[in-house]
Amino acid sequence: MTSDQKIAANRNNAKKSTGPRSKAGREVSRRNALRHGLAVDIGTDPAFHDGIEKLAKALLSGGTQKISEASP
């Protein structure tokens, strides 16, 4: 069972963990998951798809290949 002291400490720490408060901070954190570009919606553009495939293959090869362009 968790002690009352530990519960109180957890509640106080949770009050400090509210995430970004400024508009600029929220904008930055909003894009955290998209930083690498692999989560982008490629839609149906085959040229864009080929670029993503090239990037994925380079990443899977251990990053030993030089990537000149992500998309043609």
Side-chain angles (χ1 to χ4, degrees):
M1 183 115 201
T2 306
S3 70
D4 291 337
Q5 185 179 7
K6 194 165 191 174
I7 291 171
N10 285 340
R11 285 185 180 149
N12 284 333
N13 287 336
K15 289 177 185 176
K16 298 174 190 175
S17 302
T18 60
R21 295 180 183 194
S22 69
K23 185 173 183 172
R26 286 192 300 270
E27 286 295 318
V28 170
S29 69
R30 187 173 145 243
R31 294 186 305 268
N32 283 345
L34 297 176
R35 188 170 292 160
H36 51 69
L38 294 177
V40 67
D41 181 20
I42 61 172
T44 58
D45 184 3
F48 198 63
H49 182 267
D50 292 341
I52 295 296
E53 286 293 319
K54 182 178 176 182
L55 176 60
K57 286 178 183 176
L59 290 172
L60 290 174
S61 72
T64 58
Q65 296 177 355
K66 183 177 179 183
I67 303 171
S68 59
E69 289 280 327
S71 60

Check: Is the number of heavy atoms from other residues, nucleotides or ligands under 6.0 Å of Asn13 CG greater than 12?
Finding: yes
Checklist line | Non-neighbouring partners of Lys23 that pass side-chain contact (heavy atoms from CB on, under 4.5 Å), sequence neighbours left out | finding: Arg26
Notebook entry, point to check: Can you list the residues that meet the side-chain hydrogen bond (donor to acceptor under 3.5 Å, both in side chains) rule with Gln5, with sequence neighbours excluded?
Noted result: none
Check: Taking atom CG of Leu55 and atom CG of Leu60, what is their separation to the nearest 0.5 Å?
Finding: 9.5 Å
Notebook entry, point to check: Can you name the residues that form a side-chain hydrogen bond (donor to acceptor under 3.5 Å, both in side chains) with Arg21, not counting sequence neighbours?
Noted result: Thr18
